Amino acid sequence: MNEKTMTFKLKLENSRILKGIVETLASIIDETEFQVTPKEFTISAMDPSRICLLKLSIKKEDFDEYECSKDTKVGLNLDDLDKILKRSSSNDSVLIEFNETDNKLKIKMKREGTARMRTFSLALLDIDIEEIPMENLLNIDYPSEFVIEPDFLVEAIKDAEIYSEILNIKAVEDQGLIFSSIGQIGEMEYDLNKDDLIESNLNDTHSGAYSLTFLKAILKIASITQKLKISLRTDHPLKMIFNILEGGELSYFLAPRVEEADFEDDDMDEF
Amino acid sequence: MVRPPTEKNICLRCKGSRLLCGKKTCPILLKQSVLKSMLPYEFGKTMRDVEIFGSSPPGFFVGRFNYPNVNIGPLVPFQEFNTGIAIDDYHVFDSPELWFGKQLIDVVRYRSCLVRSNFKINVKISHQKTKNTLSLKVSKLLETSQELSMAARPVDTETKLEKMNLGMMLDNHALPVGPSGKTEKIRITENVKVHPKVEYCVGDTELKASDAISEYLYFKGHVPQSTIERVFSAGLLGEKSHRKIVPTRWTITAIDDLISKRLIKEIKKYPEINDYRIFESTYLDNHFKLLLFPGKFAFDMNEVWAPNTLWNTSLTGDNRNLTPQIMNDFEFYSGRKNYASNITGAYYAARKSVCEYLYKIGRQARVIIFREVSGGYLVPLGVWVIRETVKNAMETSTPLILDDFDDSLEKMGEGLMVNLKQWKKKSRMIEFIKNQRTLDDFV
């Protein structure tokens, strides 16, 4: 065979980014695949109830070292990877190596300015990952799109949690954005006018209700992202694209909650 | 627990004669009448200088009041009580796993003949400081109690009580406990037989309690749950320095939780069931309906105490104004992080039985439980009622098989006092399924 064996080598000078992302992914799904192509590195994860979907992609240029000759997929346990990465401190560099012949992922950590090297290996899993139908989601046409600081969303999530399990998001043309939540004890509203939005393209009024249980997953990555692009369309999945600090992006889709009409029927039956 | 406001002093005004509470029989009277029919003396009286010898089931009770300085004591049957049970079968007294199908009166009788011979102790028995301050008398009592709690069969035991209070303590989680008194000395008069796995776990002081319980005692040893509870409660499991006495009420939930968590870990590896199954069982006026349906493991439990039952009473007997109080607790695939405080111990007991079934059939599923408690459940007997009834439903009844969620819910609502609409409103899982879209709807 002239074809080279499947192998790749990725290096990041700072482990913080990968650590944050793997932690977030691990809270959503147990096992996933690393997909490495000569151009980019991606991880996708859909939660078992098929309500939210995360996809991380980091381009070759954003790595400090990147070697990959051929499309490669490796299955692994995210919890275990998370435990390994947690052993690194923030100024450690991380090198991830894979060689088809030994069927293991090697994670090497090295502290800045020292020669000490720690090597962890992680057994790979033979997993059968269902093809995630990303294309159709990407083709949804969103009439309202805006870019905000990720911290605003974090605040809104934490505020809403006081009242209920649901965060309502509403974007109004020419006005801005409203996050709100209603519960038994009261309600909250978080208004962002147009000046608070870094960029915006709002058409008509679009709103959606989204489960906080799933939104909370992204709290951990807010600190490693700088811009957040949100796309909104009534009764459609919420689409968010985070720009990661040192390059790369994380896309997040969350299916909406839709109140069923007959369900809200409030007449009390005779007991 | 949330319950509708009730006027105080209702029982004082009634004194068991007018049944203002609306129950079929007065629970307080029942306690007395059962004891009266059983005992040669009156309920609420005390006896002095009682010598007790009998075959302990074995039984062992740890109170939760005044924690961490709690009362603990082995349970020994009083020879003067007519138990109506052969001595060889005394283990039944403390083994609720054998009680399914028994009448309320039987259960009360089993428990009322066991005398709790108490002594006070600080729970931190392995703590160096506590250890040094234990008097010789207390450490001897503790040692004997621990030995007794490990026993696999009834053990001949002697004790002497200065004063014996003829009461009965009822609890929502723990089994009822009968008369009690302070003891100075307990003696075991025969060799104690211990299950080999129990002996192993007690002897291994580097084995974590959670591993000992789920891996060794439950999976490998098939040790009865009541035995695991006793050994754990007596402070005999876990790493040496962490061992402590655990109040019985807390023990029961802890064990249900540990075992079911371990089972859930396995269940999550199994394929999903592919149909909708409804199970049903009723015992002691506890009516259970369970729905298992396709999806990743998730558990949702709802219970209602019908108006005019134990914890949901109306003063006037006019139950038109009482609305059913449905309580709900749930967990999705990722599990719970806090205590199921609405349903409390019953949640964990039911979850354990459901998980045992799923483990047995090698499948995972989403689970919705409706529990309806009606008038005949006069006194709380402990969560074993829930654990065993759910187990009975899963093991013996033939499930109703359906293929649609809405139809299944309709069937779930049949035969219940509370209208399905109310359940739908309260169940977090039903609400979630009805309102939460999945990404599949958009691709």
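Keep in mind it's a predicted model, so treat the numbers as computed, not measured. Side chains are part of it too, since the values below use all heavy atoms of this structure and drop only hydrogens, waters and symmetry mates. Each chain gets a letter, A, B and so on, in the order the sequences are listed, and its residues count up from 1.
- Shown here is B:Lys426, whose NZ atom has no more than 12 heavy atoms of other residues, nucleotides or ligands within 6.0 Å.
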**Request:** Check the pair A:Glu165 / B:Arg428 against side-chain contact (heavy atoms from CB on, under 4.5 Å), numbers first and verdict last.
**Result:** CA-CA 11 Å; A:Glu165 280 291 314; B:Arg428 281 297 312 278; 3.8 Å; yes
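- Atom CG of A:Asp71 has more than 12 heavy atoms from other residues, nucleotides or ligands within 6.0 Å.
- For the ring-ring contact (aromatic ring centres under 6.0 Å, His included) test, residues two or more places apart in sequence or in another chain that qualify with B:Phe432 are B:Phe332.
- Summarising the local packing, NZ of B:Lys268 is surrounded by more than 12 heavy atoms from other residues, nucleotides or ligands at distances under 6.0 Å.
- Judged purely by atom type and a 3.5 angstrom limit, B:Gln436 has no side-chain atom pairing as donor or acceptor with the backbone of A:Ile51.
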**Message:** What verdict does the side-chain contact (heavy atoms from CB on, under 4.5 Å) test give for B:Leu439 and A:Arg50, after you've listed the backbone C-alpha separation in whole Å, the side-chain angles of each residue and the deciding distance to 0.1 Å?
**Reply:** CA-CA 6 Å; B:Leu439 290 172; A:Arg50 307 177 71 83; 5.5 Å; no
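- Proximity to chain B at a heavy-atom threshold of 4.5 Å picks out A:Ser211 from residues 204-213 of chain A, in numerical order.
- Remark: A:Ile29 CD1 to B:Ser334 OG distance equals 13.0 Å, nearest 0.5 Å.
- The environment of NZ in A:Lys216 is crowded: more than 12 heavy-atom neighbours from other residues, nucleotides or ligands sit within 6.0 Å.
- Counting heavy atoms of neighbouring residues, nucleotides and ligands inside a 6.0 Å radius, atom CG of A:Asp126 does not exceed 12 of them.
- Annotation: side chain of B:Phe442 is in contact with side chain of A:Leu137 (closest heavy-atom distance under 4.5 Å).
- Heavy atoms of A:Met46 lying under 4.5 Å from chain B belong exclusively to its side chain.
- Summarising the local packing, NZ of B:Lys296 is surrounded by more than 12 heavy atoms from other residues, nucleotides or ligands at distances under 6.0 Å.
- Using a 4.5 Å cut-off between heavy atoms, A:Asp30 contacts chain B through its side chain alone, with no backbone atom that close.
- Contact check for B:Thr438 versus A:Ser49: no side-chain heavy atoms found under the 4.5 Å cut-off.
- If you measure heavy-atom distances from A:Ile28 to chain B, you find no contacts under 4.5 Å at all.
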